[in-house]
There are 2 protein chains.
Amino acid sequence: MLHVAEAARVSVATVSALINGTATVSPELSQRIEQAILDIGYKRNAIARSLKMGTTRTIGLTVPHITNPFFTDVVSVIQQAFDRAGYAVMLCCTDEDLNTQDDQIRLLLDRMVDGLIVARVGDGAILKRIVDDANVPVVLLDRVCEGVDTDSVVLDNQRAVFDAITYLIDLGHRRIGYISGSFDISPMHDRMTGYREALQAAGLPIESELVRFGNFHEVDGYNATMQLLSLHDRPSAIFSANNPMVIGTMKAIRDIGLSCPEDISVACFDDFPWSDVFQPQLTTVAQPVKAIGEQAANLLLDRLAGNRDAPPRKLTLKGRLMIRNSCRPLGAPMGAIVQSVSA
Amino acid sequence: MLHVAEAARVSVATVSALINGTATVSPELSQRIEQAILDIGYKRNAIARSLKMGTTRTIGLTVPHITNPFFTDVVSVIQQAFDRAGYAVMLCCTDEDLNTQDDQIRLLLDRMVDGLIVARVGDGAILKRIVDDANVPVVLLDRVCEGVDTDSVVLDNQRAVFDAITYLIDLGHRRIGYISGSFDISPMHDRMTGYREALQAAGLPIESELVRFGNFHEVDGYNATMQLLSLHDRPSAIFSANNPMVIGTMKAIRDIGLSCPEDISVACFDDFPWSDVFQPQLTTVAQPVKAIGEQAANLLLDRLAGNRDAPPRKLTLKGRLMIRNSCRPLGAPMGAIVQSVSA
DNA sequence: CATCATTTTCGAAACGTTTCATCGTCCTCT
DNA sequence: AGAGGACGATGAAACGTTTCGAAAATGATG
């Protein structure tokens with residue numbers, strides 16, 4: 001900018017005024033400055049600007065795993081929304097690890113991100129403290145925590161799982177295995193509640209041997225399913241509370257020599273783009289990923305636009321049960337299912 | 001930092017020296033400073049540091065679509081690698097759009113990213129110019145362009161497709177449909193070459209009606225497949241040169257009332273995590289995504305570590321044909337396949 | 001004890017912007 | 001003609017660091 005000013009024989013203040021339109025500059029000088037900018041190929045340095053202005057037009061986004069299709073889609077939507085608004089997005093993956101998450105959030109705050117969208121991990125206490133003394137708006141995504149009182153957008157997980165389990169019960173299933181992720185994040189807690197309530201509403205017992213915990217990964221789903229399938233009285237259906245884990249479930253079913261849905265019905269949380277193309281077509285709880293991402297982005301953009309003191313807004317969206325052919329009616333003739341498998 | 005200095009009754013220079021370890025400071029002052037840092041809760045401002053140092057410890061990463069599983073995985077690996085090295089990653093998705101890409105790269109350079117990893121889109125000319133006068137190291141990912149002479153890591157696309165098509169030919173297929181992405185990026189060009197060469201090597205004609213172009217999206221694969229299947233002499237096999245498009249292919253096959261592999265064999269580029277769980281299990285060309293991401297990260301990290309003048313390093317990795325059950329031998333009894341479908 | 005070498009500390013400039021108060025200039029109005 | 005206003009341009013301070021050369025303190029040496 002100094003060079004531009006010299007070349008145009010004006011002060012840097014004038015160049016800045018012209019570039020930002022913060023003051024009127026005479027046509028004559030404008031022309032000289034614009035020419036100089038072209039000649040020199042000047043580009044404003046965003047870092048210096050950030051330092052002076054106290055804003056970086058950059059936000060931080062942390063998710064547990066970008067390879068989880070749910071987060072892939074949400075990240076994609078959020079990235080697009082901020083791109084449109086002229087913001088850059090710094091992406092971090094916490095790998096479901098608390099320390100990693102804390103480090104990454106600190107890293108982002110050090111870099112003066114203007115806001116944060118966090119699909120948190122673990123206990124909210126540290127997150128709360130970090131966020132409190134960093135003075136940036138935060139939107140919690142997918143996972144809320146009691147202590148932290150900020151904008152958030154989550155799914156009505158309890159209801160969604162309630163509906164899915166009730167669907168299985170209606171099909172005649174009585175022993176329904178449930179594979180949960182770690183219990184310390186809100187969705188897993190709420191989903192489990194939905195499972196229990198659905199059983200209770202149907203007057204079915206809640207048997208702890210039917211509930212298994214994993215750490216969100218495919219291998220966890222595999223191991224949990226192996227355990228469920230080796231019970232002396234094995235479940236006739238399995239619900240997996242997370243998307244990557246259901247892959248493990250399917251692999252376990254295959255490896256043990258059973259097949260879905262003939263021997264065992266399967267449903268899970270989170271839809272796949274290809275779920276209605278391959279067999280079995282999984283019955284899933286689809287989250288409105290697009291809406292979730294856009295709402296989260298809008299909440300943050302609104303804060304960034306200056307609406308700082310509005311009370312926390314907590315959005316809860318509804319999931320949708322996508323009924324396909326991975327769950328079979330118990331006692332019904334196999335024909336209906338088999339026909340659709342080999343169609 | 002000023003506050004820390006005052007609280008500890010030292011100069012800012014001393015505080016800086018202690019924090020960075022750039023000079024020895026006496027135990028006494030060290031203690032006072034550390035105490036003050038704790039009392040005040042001081043965090044170094046990375047933006048100011050960046051301005052002074054000319055380095056942000058941030059890199060830019062642009063990919064066409066993060067929802068393409070190939071890029072999802074690569075982004076994930078790259079993000080992890082830079083996280084380990086203490087770098088932040090700014091992620092941009094170009095949506096296969098040239099102008100978007102240029103804008104985003106400029107945005108990243110304005111923010112003084114230390115380096116760039118680019119899975120480019122479109123003609124390399126503009127990219128080359130942008131990159132030339134920004135003085136940051138660039139690694140080209142997946143897609144190279146002739147003009148731009150930088151580090152790169154790509155797949156041996158030609159060979160990979162050659163192998164896949166040859167496999168189909170060996171199964172007895174003679175009319176093999178081919179669905180390509182836009183032709184102006186190197187992998188699509190090379191994959192097409194592999195297709196042609198495989199046909200030629202087998203003495204088969206190259207028929208233009210069997211080749212269709214799409215823009216990488218599911219819907220493009222759908223439309224292309226619809227066209228191929230409505231040819232009066234339809235192909236017995238289809239190869240899709242990209243991953244999202246094959247979903248469209250499968251949907252088209254389903255919608256038209258055919259099934260895979262009984263009526264039509266399908267293979268495609270890029271593996272899915274779930275490809276050996278659901279039916280049909282797709283035969284794919286698997287890219288070594290982990291190696292690709294890590295190599296790209298390493299190339300850039302090496303430049304960032306100071307190795308600036310080394311000649312451009314161009315890495316070419318090998319794909320691997322994952323043979324599953326979505327392609328059937330022509331003329332062979334159906335039994336072998338059907339058995340595995342319903343296994 | 002004076003001198004010199006070494007270690008520790010510090011003041012100030014610099015990075016590239018933005019912004020604010022000030023200063024000219026030129027009009028317009030009595 | 002002098003005063004007051006409007007407008008355009010500018011100099012300088014500030015944002016929060018790092019770094020360099022110089023100053024101060026300390027220790028060693030003759």
Side-chain angles (χ1 to χ4, degrees), chain A residues 1-37 40-58 86 106-114 133-136, chain B residues 1-37 40-58 86 88 106-107 109-114 133-136:
Chain A
M1 184 140 131
L2 182 62
H3 297 124
V4 171
E6 282 170 355
R9 304 187 307 282
V10 297
S11 74
V12 290
T14 310
V15 177
S16 176
L18 177 66
I19 290 178
N20 298 306
T22 53
T24 55
V25 2
S26 69
E28 186 192 339
L29 292 202
S30 297
Q31 210 247 312
R32 287 220 305 267
I33 293 173
E34 274 158 9
Q35 188 59 50
I37 287 178
I40 296 184
Y42 166 77
K43 295 253 76 189
R44 178 169 65 188
N45 182 312
I47 295 291
R49 177 165 222 262
S50 294
L51 177 60
K52 183 63 191 170
M53 306 277 279
T55 169
T56 51
R57 288 194 83 78
T58 301
R106 259 187 268 266
L107 180 99
L108 292 169
L109 292 175
D110 287 352
R111 281 172 167 77
M112 283 179 51
V113 290
D114 292 342
D133 49 57
N135 205 14
V136 302
Chain B
M1 184 141 130
L2 182 62
H3 298 124
V4 171
E6 282 170 355
R9 303 187 307 282
V10 299
S11 75
V12 291
T14 309
V15 177
S16 176
L18 176 65
I19 290 178
N20 299 305
T22 53
T24 55
V25 2
S26 68
E28 186 192 339
L29 292 202
S30 296
Q31 211 247 313
R32 287 219 307 267
I33 294 172
E34 275 158 9
Q35 187 59 51
I37 287 178
I40 297 185
Y42 166 77
K43 295 253 74 188
R44 177 167 67 187
N45 182 312
I47 295 291
R49 179 165 221 262
S50 294
L51 177 60
K52 183 63 189 169
M53 305 280 279
T55 168
T56 51
R57 288 193 85 77
T58 301
R106 259 186 270 266
L107 181 99
L109 291 175
D110 286 353
R111 281 171 166 76
M112 285 178 51
V113 291
D114 291 343
D133 47 58
N135 207 14
V136 303

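Just so it is clear: chains get the letters A, B, ... in the order the sequence lines come, proteins before strands, and each one is counted from 1.
For A:Ser26 and D:dA9, the shortest distance from a side-chain N or O to OP1 or OP2 is below 4.0 Å.
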With a 3.5 Å cut-off and sequence neighbours excluded, list the donor-acceptor pairs that the side chains of residues 23-31 of chain B form with protein atoms.
| unit_1 | atom_1 | unit_2 | atom_2 | d |
| --- | --- | --- | --- | --- |
| B:Ser26 | OG | B:Leu29 | N | 3.4 |
| B:Glu28 | OE2 | B:Arg32 | NH1 | 3.4 |
| B:Ser30 | OG | B:Val25 | O | 3.3 |
| B:Ser30 | OG | B:Ser26 | O | 2.9 |

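Residues A:Leu18 and A:Glu34 meet the side-chain proximity criterion, which asks for heavy atoms closer than 4.5 Å. Within the 4.5 Å cutoff, no side-chain heavy atoms of A:Arg111 are placed close to those of A:Thr58. Between B:Leu109 and A:Lys43 the shortest side-chain heavy-atom distance does not fall below 4.5 Å.
In this entry the distance linking CD1 of B:Ile19 with P of C:dT9 reads 15 Å, nearest Å.
Remark: A:Arg49 engages A:Asn20, A:Arg44, A:Met53 in a side-chain contact (heavy atoms from CB on, under 4.5 Å) (not counting sequence neighbours). A search for side-chain contact (heavy atoms from CB on, under 4.5 Å) contacts involving A:Ile47 returns A:Asn45, B:Ile47, B:Ser50, B:Leu51, B:Thr56, B:Met112, not counting sequence neighbours.
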Checklist entry - Going 5' to 3' along nucleotides 10-17 of chain C, which nucleotides have protein heavy atoms under 4.0 Å from the base (write B), which only from the sugar-phosphate (write S), and which from neither (write -)? => result BB--BBBB
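Between A:Ile33 atom CD1 and A:Met1 atom CE the span is 9.5 Å, to the nearest 0.5 Å.
Each end of the helix from C:dC1-D:dG30 to C:dT30-D:dA1 gets its own axis, taken as the rotation carrying the C1' atoms of four end pairs onto the next four within a five-pair window, and the two axes meet at 60° to the nearest 10 degrees.
Sorted by first and then second residue, the pairs that involve residues 2-11 of chain B and meet side chain to side chain donor-acceptor pair (under 3.5 Å), not counting sequence neighbours, are B:Ser11-B:Thr14.
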